[in-house]
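Chain identifiers are assigned alphabetically (A, B, ...) following the order of the sequence lines, protein sequences preceding nucleic acid strands; residue numbering begins at 1 within each chain. FYI, side chains are in, hydrogens and waters are out, and symmetry mates aren't considered; it's all heavy atoms of this structure.
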Protein chains: 2
Amino acid sequence: MKTQKLTKGNIPLSPQIFYVLLSLAIKQRHGYEIMKQVQSDSQGKIKLGPGTLYGAIKRMLEEKLIIEITSDKQRRRVYKLTDKGRAIFQSELQRYNEAVELARQKKLLISPLINKFTLVYG
Amino acid sequence: MKTQKLTKGNIPLSPQIFYVLLSLAIKQRHGYEIMKQVQSDSQGKIKLGPGTLYGAIKRMLEEKLIIEITSDKQRRRVYKLTDKGRAIFQSELQRYNEAVELARQKKLLISPLINKFTLVYG
DNA sequence: GACAATATATCGTAAAACGATATAATAAAT
DNA sequence: ATTTATTATATCGTTTTACGATATATTGTC
């Protein structure tokens, strides 16, 4: 009973998987590096523990969103995005963008740059 | 053992919960309306079945992200965002926006408007 | 009156997140 | 040189969530 789907048709992705793909979209990385990058890319909002990280990697390998490119038997195991992984990341990124645009259009997105002063005197 | 957390500190939210909050950020709605709105807001990418929908509503009520404002015993049960729900939605929307901006900055966001013609002759 | 769409609810399964725990190698500090 | 911190990977068990199936009733339409 192989590990599965990453949600049907891979859309939508969980935020965790999204950030893993994002980190690998820039360059190939090993597990621990992914973990740190996700934390930094998400401004500390998402922290992957080992359980989440290696569980996610395992499923993503099975789904062929990533492949391992470790040369020989190194300590670090390096992963890179497959074309499929890149396509799915792109599709999910579009969803993020569309959601933000929709929210902006509905005046729901408050710019963090607008402070109380601006709200009162702007 | 009350239903729980919606992920620790409520961040990050699952895409499903995010779209439910988005639908309620615009106006109060009843369950079935939320379901339809999520589908339309996400361009059909996210479809909530009854299990997901009413399970999510139950947990969001317990977490006090939404409250029920149904008057008397109506057929439809109407929900609206609480201040907490709105704050959490806003925080999550910021995360979406930051992720998109980061991706844009890294040249990872491909505009769907740019087609092959543009890529070749632009 | 029949039928489709609306509307809510629950149950069971599967999948995912996550903390705990473990182990080992490398790098830094004393 | 030895201790200590950080890096690095892995697995196990629990909790949480998503989600399809199923059920039921109401409202609206032909």
- D:dT26 phosphate, OP1 or OP2, under 4.0 Å from B:Arg76 side-chain N/O: no
- Between D:dT17, D:dA10, C:dA17, which nucleotide has the shortest distance from any of its atoms to the side chain of B:Arg59? D:dT17
- Item | Gap between atoms CG and C1', on A:Leu53 and C:dA17 respectively (whole Å) | 12 Å
- Message: Tell me whether B:Glu101 is salt-bridged to B:Arg104, with the criterion being a basic N under 4.0 Å from an acidic carboxylate O.
- Response: yes
- Taking for each residue the nucleotide of DNA chain C bearing the nearest heavy atom, is the 5' side occupied by A:Ile46 or by B:His30? B:His30
- Query: Can you tell me how far C1' of C:dA5 sits from CD of B:Gln39, to the nearest Å?
  - Reply: 14 Å
- Query: Closest nucleotide of DNA chain D for B:Leu48 versus for A:Tyr79: which of these residues is on the 5' side?
  - Reply: A:Tyr79
- Decide whether A:Tyr32 and A:Arg77 meet the rule of one side-chain donor and one side-chain acceptor closer than 3.5 Å. no
- Query: Which is true for A:Gly49 with a 4.0 Å heavy-atom rule: it touches a base, it touches only sugar-phosphate, or it touches nothing?
  - Reply: nothing
- Message: I need the CD-P distance between B:Glu33 and C:dT8, as an integer number of Å.
- Response: 9 Å
- Would you sort out whether A:Lys45 and B:Glu98 count as a salt bridge (Lys or Arg N to Asp or Glu O under 4.0 Å), showing the intermediate values? CA-CA 11 Å; A:Lys45 284 172 183 170; B:Glu98 283 157 14; 3.3 Å; yes
- Query: Nearest-Å distance, CZ (A:Arg75) to P (D:dA10)?
  - Reply: 12 Å
- What's the NZ-P distance between A:Lys58 and C:dC18, to the nearest Å? 18 Å
- Donor-acceptor pair, B:Ser23 side chain versus B:Gln37 backbone, under 3.5 Å? no
- Considering just the side-chain nitrogens and oxygens of A:Tyr32, establish if one lies under 4.0 Å of OP1 or OP2 belonging to D:dT7. yes
- Rounded to whole angstroms, how far apart are CG on B:Leu13 and C1' on D:dA18? 15 Å
- Item | Phosphate OP1/OP2 of C:dA17: any A:Ser14 side-chain N/O under 4.0 Å | yes
- Kindly say whether B:Lys47 contributes a backbone atom to a donor-acceptor pair with the side chain of B:Gln39 at under 3.5 angstrom? no
- Item | A:Tyr54 OH - D:dG13 P separation (whole Å) | 20 Å
- Task: Take atom NZ of B:Lys36 and atom P of C:dT8, then tell me their distance rounded to the nearest Å.
- Result: 12 Å
- Message: Quick check for you: among D:dA18, D:dT7, C:dA17, whose closest atom lies nearest to any side-chain atom of A:Ile17?
- Response: C:dA17
